[in-house]
Amino acid sequence: MALLILTPLAALTGGVAFLVGSGPIAIVVVLHGVVGLAVLYLVPWKSVIARRGLRRQRPDRLLSLLLAVAVLLALFTGLAHSTGLLVRLGWLSAMQVHVGAAVAALVPLGVHVMRRPIKPRRIDVSRRNLLQLGGLGLAAGAGYAVLETAESIFSLRGADRRDTGSYQRSSGRPQGMPSTIWLFDDVPSIDAGTWRVAVTADGATKHWTVEQLREFGHHKSVVLDCTSGWWSRQAWSGARLSALLPAGATGTAHVTSATGYTRRLPLSGDLLLAVDVGGEPLSEGHGAPVRLVAPGRRGFHWVKWVESIEIDHRPWWLESPFPLQ
């Protein structure tokens, strides 16, 4: 029953932490860590039940084993990332493996729960069980506090995490900043000299060259916080999106990349179409010739290789919270 409560809570807090890059995100990240430790504490008890179940020849036995592997991998990589003891696993970051393992566990977890339904019993809400559940929460919270203290005492890398749980990478040095790409996008080769960004508002479209955007000279020092587990503060420059629109324009901005990747964001004065970073033109991997800078949002909102922007009044939340391509 405890796992049935904790597992969805882990998925919910992890999803929110993955989605949000500012505000009271630290509370969500801490709660996610506490829930993860609570699940970890329950492994010895669950393993007894699992060993007993493995003696039976069930048709979904392999699926259950895959679920166990995915959950254990998610727990291990989450702990490794948060402490900083292991930030990368080959060409993947520990955070990417953590998220991938958690997503991979969703289907077998659903099948596992449906095929092994738990019928609510009066004893489930007994005083003893509630005290045990509360004790588990307190123990997990204490464990999280001990880990955070140990990171500071032993100067582990985890002590330097941002509120989102990300690690600093190459702030002020764009050439060292990773060029992470969401899912399966490829880096396109674009001629900056002929590139045009189409901006549509109030039914009218205007095309802007890279040099025209550069001439605005709008600068902003902003943190790019990537969901793969790193953040970097850079000086971005180009043109504020609001400067390209009719006065008083409102609504949402539907931003489209040359690769077909799209994001819809609330229209604000903070959105910047960057053509330079650190005083130099963007590299192809970092979104040249034009990329969106969206302060306070995770990296997958920072659309690279911007091709067009359409301003309309469709709610920004109508699209999937996470891009599906």
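Under a 3.5 Å cut-off, the side chain of Trp316 and the backbone N or O of Gly251 do not form any donor-acceptor pair. For the pair Ser257 (side chain) and Val303 (backbone), a donor-acceptor distance under 3.5 Å is absent. Judged purely by atom type and a 3.5 angstrom limit, Arg298 uses its side chain to pair as donor or acceptor with the backbone of Ala17. In this structure, His98 contributes its side chain and Ala74 its backbone to a donor-acceptor pair below 3.5 Å.
Val255 is not listed as a side-chain neighbour of Tyr261, based on a closest heavy-atom distance of 4.5 Å or more. Side-chain contact between Val197 and Glu307 is absent, with no heavy-atom pair separated by less than 4.5 Å. Looking only at side-chain heavy atoms (C-beta outward), Ile181 and Lys304 come within less than 4.5 Å of each other. Residues Leu267 and Ile311 have side chains in contact (heavy-atom distance under 4.5 Å, counting atoms from C-beta outward).
Sorted by first and then second residue, the pairs that involve residues 20-33 and meet side chain to side chain donor-acceptor pair (under 3.5 Å), not counting sequence neighbours, are Thr13-His32.
Environment of CZ in Arg61: crowded, with over 12 heavy atoms of neighbouring residues, nucleotides or ligands closer than 6.0 Å. Counting heavy-atom neighbours within 6.0 Å of Asp202 CG, excluding the residue itself, gives a total of 12 or less.
Residue Leu86 is found in a hydrophobic cluster whose other members, listed by chain and number, are Leu73, Phe76, Leu89, Trp91, Leu92, Val97; membership requires side-chain heavy atoms under 4.5 Å apart, directly or through intermediates.
Side chains of Gln234 and Ser232: a donor on one and an acceptor on the other come within 3.5 Å. Donor-acceptor pairing under 3.5 Å is recorded for the side chains of Thr252 and Arg264.
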Stepwise side-chain contact (heavy atoms from CB on, under 4.5 Å) check, Arg263 with Phe300: CA-CA 8 Å; Arg263 283 279 86 191; Phe300 60 83; 4.0 Å; yes
Verdict with supporting geometry, Cys226 and Trp302, side-chain contact (heavy atoms from CB on, under 4.5 Å): CA-CA 10 Å; Cys226 183; Trp302 295 44; over 6 Å; no
Working for side-chain contact (heavy atoms from CB on, under 4.5 Å), residues His219 and Ser237: CA-CA 4 Å; His219 299 271; Ser237 59; 3.3 Å; yes
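Smallest separation of non-hydrogen atoms from Ile190 and Ala288: CD1-O, 4.1 Å. The nearest pair of heavy atoms linking Gly285 to Val187 is N-CG1, 4.2 Å. Of all the heavy atoms in Pro321 and Leu19, the pair that sits closest is O-CD1, 3.4 Å.
Aromatic ring pairs are classed by plane angle as parallel below 30°, tilted from 30° to 60° and perpendicular above 60°; the pair Phe18 and Phe322 is tilted.
With values rounded to the nearest 0.5 angstrom, Glu151 atom CD is found 6.0 Å from Thr83 atom OG1.
When Glu148, Gln168, His81 are each tested for a side chain to side chain donor-acceptor pair (under 3.5 Å) with Arg161, only one passes: Glu148.
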